[in-house]
Colleague: 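Quick one: the structure is below, questions incoming.
Every chain is numbered from 1, with letters handed out A, B, ... down the list of sequences.
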There are 2 protein chains.
Amino acid sequence: MTRPLKVPAKAGYHHANLRRALLDAAINHLRDAPVATLTVKQLARDAKVSPGAPYHHFKDRQELLAALATEGFERWIASASTVAAAPETPSNKLANLARAWLAFAAEHTPHYRVMFLSELADRQRFATMHAAAAQALELLVGVLREAMPDAADGRRAERAVIAWSTLHGFASLRMNGVLGNIPGVPELEALEDAAAASMARLVLDAADS
Amino acid sequence: MTRPLKVPAKAGYHHANLRRALLDAAINHLRDAPVATLTVKQLARDAKVSPGAPYHHFKDRQELLAALATEGFERWIASASTVAAAPETPSNKLANLARAWLAFAAEHTPHYRVMFLSELADRQRFATMHAAAAQALELLVGVLREAMPDAADGRRAERAVIAWSTLHGFASLRMNGVLGNIPGVPELEALEDAAAASMARLVLDAADS
DNA sequence: CGAGCAATCTGAGCGACTCTTAGATCGGTG
DNA sequence: CACCGATCTAAGAGTCGCTCAGATTGCTCG
């Protein structure tokens, strides 16, 4: 159970655990507001500390966002591991994993908002975050490995990226409100099922091609 | 050929066409920098006007971004229309459309960066942009309509969203540098083909299920 | 147990940014 | 050619990111 990345020593201080309080304030804010509106100063106000206090826990605003993203990847890995370890057929497992991803994006919108931010693309500066992201992909590849054991490694990785793209693309479009009430488009729930089903097909096709 | 949304009267003035100059400066900036780093003040400096001048052409920063996004959708619709009108089998047409999308995202990265921004999710405030976005989806649905003429309308729209998700997800992950040098993952070009192929399969499956 | 250290927080402040407003300046129209 | 409206400038109010000197606190270790 790897939940928080690092609990600072023994928790207590003036403000018990400011680092966590800031992250929680950020999560709360991002529930229904885009990342651009998130302000370090406001987080400090929420936590009832001075405007400079956050900078003792995060080098700058980007590192705070990166910490939140890392937490998001870790939580996803934790819940996805459960799905991956379930006694199911590889095909069902894959569909469940797809549904789990979309559910995660819906329930943890605040985290999801920062998990693929182009401001955090720097691999060296945000190494720990990218390590967690790579682990998340690795988990997806692992399930695909089970589902199509006869395919070549390259093809498996290729399918993993395509599948990831579908899930992320759908979650992203939905989160950004692009899919809202487009005439003729089915309910979003049905779309979740369709996305999951298309992932399963993605793998079945690979076995015999 | 609907290229710019609205040419201000007759072009000329002090600064010939500041509106266009600002958009071009924005495009230039976004070529290799995330949206968060884009500054109205800097655009004004680039265009050699005072910091307040841009606000006579755009109500605020968001409307400038929305104008850029609208332009992006319009350009995409223009180039996609060509693909959709080509004399090809529906299946090939679909694959070409998929490749065209990914090529568009790669070549027009600056526009693509703002085309699905959550800051611009408000449908009323950015009505013209969302209208253009809806038209883009409509075009995709149109090609799908040809490709699976026997399927129900709901199913077609469903496949359109899934296909769109795959394309947007892949373009987005690539643009944000998430796919860069992950070990075991094939070259990005091969992935483009795989994405296009998966789109074609998406439709073929729908015909007989 | 107590002195010192390191981590944490405050408060003030610098530079930059968004957006507003009053007024100058220009282009086109009647 | 006088005027009007569109465009631009200059200045400024309010906010934000981030820094820094100094105060405060918990922890460690002699």
Side-chain angles (χ1 to χ4, degrees), chain A residues 4-26 28-30 33-69 114 117-120 122 125-126, chain B residues 4-26 29-30 33-68 114 117-120 122 125-126:
Chain A
L5 179 56
K6 216 198 288 181
V7 176
K10 276 274 191 51
Y13 199 64
H14 270 181
H15 186 292
N17 192 342
L18 181 55
R19 180 188 164 93
R20 185 97 292 271
L22 291 169
L23 290 176
D24 287 341
N28 199 51
H29 177 91
L30 291 175
V35 181
T37 67
L38 187 143
T39 286
V40 177
K41 263 199 165 101
Q42 181 60 49
L43 297 183
R45 281 191 289 264
D46 291 348
K48 298 184 202 303
V49 293
S50 78
Y55 294 91
H56 290 274
H57 297 272
F58 304 99
K59 189 170 166 292
D60 54 21
R61 196 186 98 117
Q62 292 195 343
E63 292 225 334
L64 190 152
L65 296 179
L68 206 57
V114 297
L117 228 50
S118 58
E119 292 112 286
L120 308 179
D122 191 320
R125 187 153 151 56
F126 309 107
Chain B
L5 179 56
K6 216 197 293 183
V7 175
K10 275 274 192 51
Y13 198 63
H14 270 179
H15 185 292
N17 193 341
L18 181 54
R19 180 189 163 90
R20 182 98 293 270
L22 291 169
L23 289 175
D24 287 341
H29 177 91
L30 291 176
V35 182
T37 67
L38 187 142
T39 286
V40 177
K41 225 172 189 157
Q42 181 60 49
L43 298 183
R45 279 191 292 262
D46 292 347
K48 299 185 201 301
V49 292
S50 78
Y55 292 93
H56 289 275
H57 297 272
F58 304 100
K59 188 171 166 292
D60 54 21
R61 197 186 98 117
Q62 292 195 344
E63 292 224 336
L64 191 151
L65 297 179
L68 206 59
V114 296
L117 228 51
S118 58
E119 291 111 288
L120 308 180
D122 191 319
R125 188 153 149 54
F126 309 107

Colleague: Run B:T37 and B:H29 through side chain to side chain donor-acceptor pair (under 3.5 Å) and show every step you take.
Modeller: CA-CA 9 Å; B:T37 67; B:H29 177 91; 2.9 Å; yes
Colleague: Rounded to the nearest angstrom, tell me the gap between atom CZ in B:F58 and atom P in D:dT7.
Modeller: 12 Å
Colleague: In the structure I gave you, are the side-chain heavy atoms of A:R61 and A:L38 within less than 4.5 Å of one another anywhere?
Modeller: yes
Colleague: Rounded to whole Å, please give me the gap between CG in B:D60 and P in C:dC19.
Modeller: 5 Å
Colleague: From the list D:dT9, D:dG17, C:dT10, which nucleotide is the closest neighbour of the side chain of A:R61?
Modeller: D:dG17
Colleague: Counting only side-chain heavy atoms from C-beta out, which of D:dG17, C:dT18, C:dT10 sits nearest to A:T39?
Modeller: D:dG17
Colleague: Measuring to OP1 and OP2 of D:dC16, would you say a side-chain N or O of A:R45 lies under 4.0 angstrom away?
Modeller: yes
Colleague: With nearest nucleotides of DNA chain C determined for A:K41 and A:V49 from heavy-atom distances, which residue corresponds to the more 5′ nucleotide?
Modeller: A:V49
Colleague: Take the protein atom CG of A:N17 and the nucleotide atom P of D:dG26, then report the distance between them rounded to whole Å.
Modeller: 15 Å
Colleague: Under the criterion side-chain contact (heavy atoms from CB on, under 4.5 Å), I'd like the reasoning laid out for B:L65 against B:F126: C-alpha separation, chi angles, the key distance, then a yes or no.
Modeller: CA-CA 10 Å; B:L65 297 179; B:F126 309 107; over 6 Å; no
Colleague: Considering just the side-chain nitrogens and oxygens of B:H57, establish if one lies under 4.0 Å of OP1 or OP2 belonging to D:dC8.
Modeller: yes
Colleague: Which whole-number value in Å describes the distance from A:Y55 OH to C:dC9 P?
Modeller: 15 Å
Colleague: Distance check needed: C:dC17 P versus B:L43 CG, whole Å only.
Modeller: 10 Å
Colleague: At their closest point, which heavy atom of B:D60 faces which heavy atom of B:R125, and how far apart are they?
Modeller: OD2-NH2, 2.7 Å
Colleague: B:L18 CG to C:dG27 P: how many Å, rounded?
Modeller: 15 Å
Colleague: Calculate the interatomic distance between A:H56 atom NE2 and D:dG26 atom C1'; express it in whole Å.
Modeller: 16 Å
Colleague: Measure from CD on A:Q42 to P on D:dG14 and round the result to the nearest Å.
Modeller: 18 Å
